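Let me begin by presenting the structure, written as structure tokens, before commenting on it.
So you know, we letter chains A, B, ... as the sequences are listed, proteins then strands, and number each from 1. All heavy atoms count here, side chains included; hydrogens, waters and symmetry mates do not. Just so it is clear, the structure is predicted and the values come from calculations on it, not from any experiment.
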Protein chains: 2
Amino acid sequence: MEHRAATVEKAIDVLFHLHDRPEPWGVSDLGRALDLPKSSVHRLLVSLRRRGLVESDERGRYRPGIALLALGLGVLDREPLVAAARPVLESEAAELAETFFVVALRAGKLTVLDKVEGTGFLRAAPRVGSTVPVHVTAVGKLYLAHAPSALGSAAEVDAEPAAEAVADGERERELALTRKRGYAENLGEWIDGLAVLAAPVFAHGKLVGAITTAMPMTRLAHMEKKSVADRVMAAAARVCARMEGREL
Amino acid sequence: MEHRAATVEKAIDVLFHLHDRPEPWGVSDLGRALDLPKSSVHRLLVSLRRRGLVESDERGRYRPGIALLALGLGVLDREPLVAAARPVLESEAAELAETFFVVALRAGKLTVLDKVEGTGFLRAAPRVGSTVPVHVTAVGKLYLAHAPSALGSAAEVDAEPAAEAVADGERERELALTRKRGYAENLGEWIDGLAVLAAPVFAHGKLVGAITTAMPMTRLAHMEKKSVADRVMAAAARVCARMEGREL
DNA sequence: AACCAGCGTTCTGATATATGGAACACCGCG
DNA sequence: CGCGGTGTTCCATATATCAGAACGCTGGTT
């Protein structure tokens, strides 16, 4: 598998570069940043613009184009997990007033597919489309516990030399607990002060994603953790039922 | 401007083809549909997959990839109009229980940038990222009335030989009325039974978009149209104020 | 005012690269 | 088993891409 279209990948690199940096970029700067000649960058941009993937202002500075918006939301539309989860997220977020979101493994990475934010002034606000690490998140633990093979080599990829290297036995004990009680938790391990509870969504016996709620740890401390976990698990069960057509 | 990257445009065509058709596509079918040889399509797909713009199942069928989701939402994030309008849309949609959305001219087309849906069982549900025609929509009239030059040739593009050719005088009278009263309306002209009211958002004296509400015509008939129009205009004014930093 | 430095864009020949037909391995079906 | 289909790989040919220089322009400095 060495036959690739180098030009296409360069064009995509341009796209991602424009995406990662907020401000509009000029041809010369792009060329320097990506180590490509000006003329090449310009030609790529011309073609990207013809299709609406980038736009340019009158000064010749470029930024991502709206065609990307339609393409990106199209991806969401064809995710049955999102369609099944949306109303559940909405009702749960409204009742608990905290952020709920749905995460699944896509292209080898744990990806936030959808979210409904809570109402608090201080609230978790993950970005849809962003990815989360495996080893320090509730969803990551869920996948490690129920479908470690699905993670493939991704598990090792972000396995940094573990600043707080947990003993293997300890880790395996936590995963066993996750399987037994039906949810995973992450109390400030990833982001300081952030508490996350995640429950697995199964379809045809396979793990297809997770329903998750996140809130400041201080707020979770004022609630009954078990009752919140029960909510998340019930929500996941409803999503599962909807995916299998058992519930409207 | 004839120097373009043909390979890149072919790759983008593949992307849009996968986007337009819901089901996963095989290499051979794609080649037939786009009139490209199998080997070329395959090479393009390999590169698109390496960057996550497409994904493939184990049978070698391809579909759009999640990387597109991140790119698309990135476009939304850098739209100041969306940032300014979001909270306004939310509060208005909640109070009136009808769908509110924001539309602006992007890449020569009127594009739905964001929306908050109403609560009715029957409700307007435009797709974010989709485009609307110029001549038969409330937003189109707004642009024709306040910034016809911005539409460029787009105006003629979708100007079908006008099945119900309105007299030029009539048309101009309506645009003048739109300018005078501060909002545009569309009562079933585009989609049968759909009523739309749209108010302009100005920044630095230029039209930068529109705040819009849409509902079944029967429901508008039960309300005071003027009061709904006032709401929409007030909302647009708030968005304008937020964009200019005059309001939090 | 003239200048310089930077920009985006265009042009060019040398060459690296995409092309597409043919061959491959595999699968489901009759 | 053979057939028609798939996705994938190979390779010589020709083409589209590359890189650098030149163009016209704008904005700031001398």
Side-chain angles (χ1 to χ4, degrees), chain A residues 1-65 78 107-108 152, chain B residues 1-65 78 106-108 152 204:
Chain A
M1 192 212 283
E2 253 311 309
H3 285 55
R4 67 196 188 287
T7 312
V8 172
E9 301 194 18
K10 288 172 193 164
I12 300 175
D13 290 341
V14 169
L15 228 38
F16 274 105
H17 192 86
L18 291 176
H19 168 73
D20 290 333
R21 314 297 200 289
E23 70 282 359
W25 280 68
V27 174
S28 299
D29 283 332
L30 274 172
R32 274 188 289 273
L34 298 171
D35 199 35
L36 292 173
K38 288 204 301 185
S39 58
S40 300
V41 174
H42 182 258
R43 200 157 23 75
L44 297 174
L45 287 170
V46 166
S47 283
L48 289 171
R49 182 175 51 195
R50 289 160 73 97
R51 294 292 190 272
L53 299 204
V54 305
E55 296 168 16
S56 59
D57 57 25
E58 61 285 350
R59 280 170 193 72
R61 316 245 295 282
Y62 291 84
R63 61 175 184 280
R78 74 188 74 217
Chain B
M1 192 213 280
E2 255 310 308
H3 285 56
R4 66 193 189 285
T7 312
V8 172
E9 301 194 17
K10 288 175 194 165
I12 299 175
D13 289 341
V14 169
L15 228 38
F16 274 105
H17 192 86
L18 291 176
H19 168 73
D20 290 333
R21 314 297 198 290
E23 71 283 357
W25 280 68
V27 174
S28 299
D29 283 332
L30 274 172
R32 274 188 289 271
L34 299 172
D35 199 37
L36 292 172
K38 289 203 299 187
S39 55
S40 297
V41 174
H42 182 258
R43 200 154 20 78
L44 297 174
L45 287 169
V46 166
S47 283
L48 289 171
R49 182 175 52 194
R50 291 160 71 97
R51 294 292 190 269
L53 299 204
V54 304
E55 297 169 14
S56 60
D57 58 24
E58 61 286 349
R59 282 171 194 73
R61 315 256 285 288
Y62 291 82
R63 61 176 183 280
R78 74 189 72 216
R106 289 292 179 280
H204 316 298

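Whole-Å rounding puts the Arg61(B) CZ to dG5(D) P distance at 16 Å. The distance between atom CZ of Arg32(A) and atom P of dG6(C), rounded to the nearest whole Å, is 9 Å. Summarising the geometry, the separation between CG on Leu30(A) and P on dG8(C) is reported as 8 Å, rounded to the nearest angstrom. Taking atom CG of Leu44(A) as the reference point, atom P of dT10(C) lies 15 Å away to the nearest angstrom. The NE2 atom of His42(A) sits 14 Å away from the C1' atom of dC25(D) (whole-angstrom rounding). As rounded to whole Å, 12 Å separates atom P of dT19(C) from atom CG of Leu45(B). If you measure from atom CH2 of Trp25(A) to atom P of dG8(C), you get 11 Å, rounded to the nearest angstrom. Here dC18(D) presents its C1' atom at 7 Å from CZ of Arg43(A), a figure rounded to the nearest Å.
Here Ser39(B) lies in heavy-atom contact (under 4.0 Å) with a base. Arg59(A) comes within 4.0 angstrom of the backbone, heavy atoms only, and of no base.
Remark: Ser47(A) pairs with Glu9(B) by the side chain to side chain donor-acceptor pair (under 3.5 Å) rule, at least two apart or across chains. Remark: Arg32(A) engages Asp29(A) in a side chain to side chain donor-acceptor pair (under 3.5 Å) (not counting sequence neighbours). Under the side chain to side chain donor-acceptor pair (under 3.5 Å) criterion, Ser40(A) pairs with no residue at all, not counting sequence neighbours. With sequence neighbours excluded, the residues forming a side chain to side chain donor-acceptor pair (under 3.5 Å) with Glu55(B) are Arg63(B), listed by chain and number. Among residues two or more places apart in sequence or in another chain, the salt bridge (Lys or Arg N to Asp or Glu O under 4.0 Å) test is passed with Arg106(B) by Glu79(B).
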Return all side-chain donor-acceptor pairs below 3.5 angstrom for residues 15-24 of chain B, not counting sequence neighbours, or 'none' if the list is empty.
from     : atom 1 : to       : atom 2 : distance (Å)
Glu23(B) : OE2    : Trp25(B) : NE1    : 3.4

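Projected onto DNA chain C by closest heavy-atom contact, Pro37(B) and Tyr62(A) fall at different nucleotides, the more 5' of which corresponds to Tyr62(A). For Ala6(A) and Asp29(A), each mapped to the nucleotide of DNA chain C holding its nearest heavy atom, the one lying further toward the 5' end belongs to Asp29(A).
With values rounded to the nearest 0.5 angstrom, Leu30(B) atom CG is found 11.0 Å from Arg61(B) atom CZ. In this structure, Lys10(B) NZ and Thr7(A) OG1 are separated by 10.5 Å, a value rounded to the nearest 0.5 Å.
The heavy-atom pair separating Leu44(B) from Ala5(A) by the smallest distance is CD2-CB, 4.1 Å. Leu48(A) and Ala11(A) make their closest contact through CD1-O, 3.9 Å (heavy atoms, listed as atom of the first residue, atom of the second, distance).
A close approach under 4.0 Å does not occur between any side-chain nitrogen or oxygen of Ser40(A) and OP1 or OP2 of dT17(D).
Applying a 4.0 Å cut-off to non-hydrogen atoms, none of the residues of residues 9-22 of chain B approaches DNA chain D.
A 4.5 Å side-chain heavy-atom check between Val41(A) and Leu34(A) finds every atom pair outside the cut-off.
No more than 12 heavy atoms of other residues, nucleotides or ligands sit less than 6.0 Å from atom CG of Asp35(A).
In the set dC7(C), dT8(D), dT17(C), the nucleotide with an atom closest to the side chain of Thr7(A) is dT17(C).
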How does protein reach along nucleotides 23-30 of chain C, written 5' to 3' as B (base within reach of a heavy atom under 4.0 Å), S (only sugar-phosphate), or - (no contact)? --------
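At its two ends the helix from dA1(C)-dT30(D) to dA25(C)-dT6(D) runs along axes set 40° apart, each axis drawn from five pairs and the angle rounded to 10°.
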